[in-house]
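What you are looking at is a predicted structure, and each value in this text was computed from that prediction instead of being measured. So you know, we letter chains A, B, ... as the sequences are listed, proteins then strands, and number each from 1.
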Amino acid sequence: MDFPRLTPPDDRMPSGRRLFRRPAELTDEQFDLMAAAWAEGALSGEAVEELESVMTASTDRRDRAGSFRSIRLVPYNENWPGMKSAVRLSPALTAFRRSVIPTLLAVAAMVIMIIYGPAGAKLKTINSRGAVNGPAMTVAEIQVYAPIIAVERIPEPNILPVRPVQTPAAEENASQGHLAEGMEKPAEITGLVRVEPIALARGHATASSVAPELIPAIISVNIRDIQPDMTLQEEKNWMFRSISFLAGAVTGKEKKIDGYMIANGCITGINNVFGWDMELDRISNKSGEPVAVTFSSSLLSFTKPVNKTTP
Amino acid sequence: MIVKEYNNAVREFGDHVFRFILRSIKDSHRADDIVQDTYEKLWRCVTEIEYGAVKSWLFSTAYNRMIDVIRKDSRLVDVEYYDDSTLYAEENGNDLNEVLHRALEKLPAVQRSVILLRDYEGYNYREIGEITGLSEAQVKTYIFRGRVALRNYLVKTSVWQ
């Protein structure tokens with residue numbers, strides 16, 4: 001059985017002669033593409049011969065091909081504006097710039113502040129006079145041979161009678177009735193010295209930590225005169241102002257520096273260096289004023305009320 | 001590559017990469033950002049790249065980044081079917097190089113890039129193909145068509161009689 005077949009007509013089957021393209025038959029678009037390649041030097045041998053034959057036959061096409069040689073872009077002198085920011089420093093130089101130079105500048109600033117501050121003026125005074133003159137202040141120094149609370153009970157007959165010693169400040173406090181809780185008036189003690197009044201009055205101990213027993217070992221209380229520092233408060237204020245100024249210069253903000261902040265910074269630094277776990281917390285009342293400071297570590301913990309006179 | 005070589009790459013090729021990107025996208029701020037990103041990327045892998053290959057790496061990375069930016073801006077013109085009705089305009093300038101650069105701005109992005117790499121940096125077809133991710137034949141085609149378009153621009157704007 002014969003099936004119908006689709007056969008192309010003769011006019012759709014080009015003869016072999018029509019497959020070849022003669023140079024004169026090149027369209028302008030074909031010629032331009034060849035000329036552009038020729039101007040780039042990208043034509044092969046046979047294509048170059050074909051193009052040259054066309055250019056030889058036509059002057060217009062020769063000029064047209066020649067024009068492609070002049071189509072070349074020349075760069076302008078446009079500079080990259082961000083070049084400086086892309087340049088990197090070596091790691092050593094970067095570390096030097098980031099750590100050593102600020103440290104040196106901070107040290108230099110502190111030295112300048114110390115030299116030109118009250119401490120520097122004081123040093124100049126000492127150097128010129130040899131000593132700082134000022135009114136004497138009497139303080140009591142208690143010689144402690146053993147911890148105050150570590151007292152053995154001693155029978156009454158073995159206690160040696162001693163003369164009670166009172167400092168002027170203690171006498172004044174006693175006369176004004178400013179004795180701490182649990183204190184007895186020294187005048188009422190005959191022949192014995194209690195450690196509580198003196199220790200509490202001088203701020204060396206708290207009432208809870210002082211044993212109520214009589215301590216015969218603590219019998220010597222020396223009075224000595226020391227030279228008070230007239231500019232101590234002034235120096236403290238100066239140092240706090242300097243630290244506050246430096247903190248403001250570094251952070252760019254005005255920040256109030258107090259003792260708690262400094263102590264907390266020191267504890268944080270020690271924790272970072274030694275890997276310890278110490279904590280310092282500030283306890284505030286409802287109005288936001290600090291009332292106590294709590295310190296805790298694995299070895300020691302305590303809570304201390306805030307002294308409002310402390311800067 | 002060490003830090004010194006990286007800095008040399010910044011000083012030696014920074015202007016070239018910036019020029020190439022600037023002429024391709026015609027926006028100095030974007031070009032600056034693209035070149036900054038390119039060098040930031042180079043810095044992150046600075047130890048993995050040899051100094052001898054850094055120039056083509058810079059151009060390739062900057063080109064790809066530029067294509068991403070163009071695609072994000074939806075300003076990428078289809079290479080094969082771009083409309084050339086806006087290609088020709090009245091041209092009053094006499095400086096051939098200036099007119100050519102204005103004509104270059106009217107070309108499709110890919111043609112523009114390959115012509116810039118060819119004329120500005122003198123790369124061969126293979127190197128341009130490596131930078132742009134095109135085959136050598138495609139690079140040739142884009143360059144030849146771009147040249148023809150530039151010539152036609154010059155003729156039709158009466159710069160060339």
Contact between B:Arg147 and A:Arg72 at the side-chain level, heavy atoms closer than 4.5 Å - yes or no? yes
Quick check on B:Asp32 against chain A: is it the side chain, the backbone, both or neither that has a heavy atom closer than 4.5 Å? both
Could you label the plane-to-plane angle of the A:Trp80 and B:Tyr39 rings as parallel, tilted or perpendicular, counting under 30° as parallel and over 60° as perpendicular? parallel
Side chain, backbone, both or neither: which part of B:Leu42 has a non-hydrogen atom closer than 4.5 Å to chain A? neither
When heavy-atom pairs shorter than 4.5 Å are enumerated against chain A, which of B:Leu150, B:Asp33, B:Val35 gives the highest number? B:Val35
Under a 4.5 Å cutoff for heavy-atom pairs, which residue among A:Leu33, A:Asn77, A:Val74, A:Val87 has the most contacts with chain B? A:Val74
Can you see which heavy atom on B:Arg19 is nearest to which on A:Tyr76, and at what distance? NE-O, 3.1 Å
Pair count under 4.5 Å, heavy atoms only, with chain A: among B:Lys140, B:Gln36, B:Lys4, highest is B:Gln36
Between B:Arg11 and chain A, with a heavy-atom cut-off of 4.5 Å, which part of the residue counts as in contact: side chain, backbone, both or neither? both
Between B:Arg145 and A:Glu29, does any side-chain N to carboxylate O distance fall below 4.0 Å? no
Pick whichever of B:Thr141, B:Val3, B:Ile21, B:Leu116 has the most heavy-atom pairs under 4.5 Å with chain A. B:Val3
Heavy atoms of B:Phe18 and A:Glu78 approach each other most closely as CD2-O, 4.3 Å
Which atom of A:Ala36 lies closest to which atom of B:Val148, heavy atoms considered: CB-CG2, 4.3 Å
Shortest non-hydrogen contact from A:Ala86 toward B:Tyr6: O-OH, 3.1 Å
Let me know if B:Tyr125 has heavy atoms under 4.5 Å from chain A in its side chain, its backbone, both or neither. side chain
Under 4.5 Å from any heavy atom of chain A - which part of B:Leu100: both
For a quick test of reading the model, state the closest non-hydrogen atom pair linking A:Met83 to B:Gly14 and the distance between them. CE-CA, 4.3 Å
